[in-house]
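Before any comments, here is the structure.
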Amino acid sequence: MKWLLVGALLGLLLVFPSLLALVVAVAAAIVSKPVLVAFGLGLVAGVRSRRLRRWSP
């Protein structure tokens with residue numbers, strides 16, 4: 001599923017090259033806010049730890 005979304009995004013960037021500027025602007029806006037970066041990292045860490053706990057005895 002992840003690769004399907006990445007492929008769709010790359011396809012859109014090939015068809016509409018001006019979207020690259022929009023994607024870069026959105027990424028820069030998100031990275032410039034430390035609270036959003038910390039929240040995203042916390043979500044990723046929580047998902048990974050939940051996945052690890054499921055397989056631990």
Side-chain angles (χ1 to χ4, degrees):
M1 181 68 174
K2 176 176 64 173
W3 293 112
L4 185 65
L5 291 174
V6 170
L9 179 64
L10 289 176
L12 283 173
L13 289 175
L14 282 173
V15 174
F16 303 108
S18 61
L19 282 178
L20 180 61
L22 178 67
V23 170
V24 169
V26 169
I30 290 173
V31 171
S32 69
K33 300 197 186 305
V35 173
L36 291 179
V37 173
F39 181 73
L41 289 174
L43 284 177
V44 170
V47 168
R48 286 188 180 232
S49 68
R50 182 178 301 158
R51 188 180 313 160
L52 291 174
R53 261 187 273 152
R54 186 181 329 159
W55 292 105
S56 64

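The hydrophobic cluster containing Leu36 does not contain Val31, counting ILVMFWY residues as joined when their side-chain heavy atoms lie under 4.5 angstrom apart, directly or transitively. Residue Phe39 is not grouped with residue Val44 when hydrophobic side chains (ILVMFWY) are merged at heavy-atom distances under 4.5 angstrom, including chains of intermediate members. Under a hydrophobic-cluster definition in which Ile, Leu, Val, Met, Phe, Trp and Tyr are linked whenever side-chain heavy atoms come within less than 4.5 Å, directly or via other members, Leu20 and Val15 are assigned to the same cluster.
Take Val26 and apply the side-chain contact (heavy atoms from CB on, under 4.5 Å) test, not counting sequence neighbours, and it matches Leu22, Ile30.
Leu14 has its side chain out of reach of Leu10: every pair of non-hydrogen atoms, C-beta onward, lies at least 4.5 Å apart.
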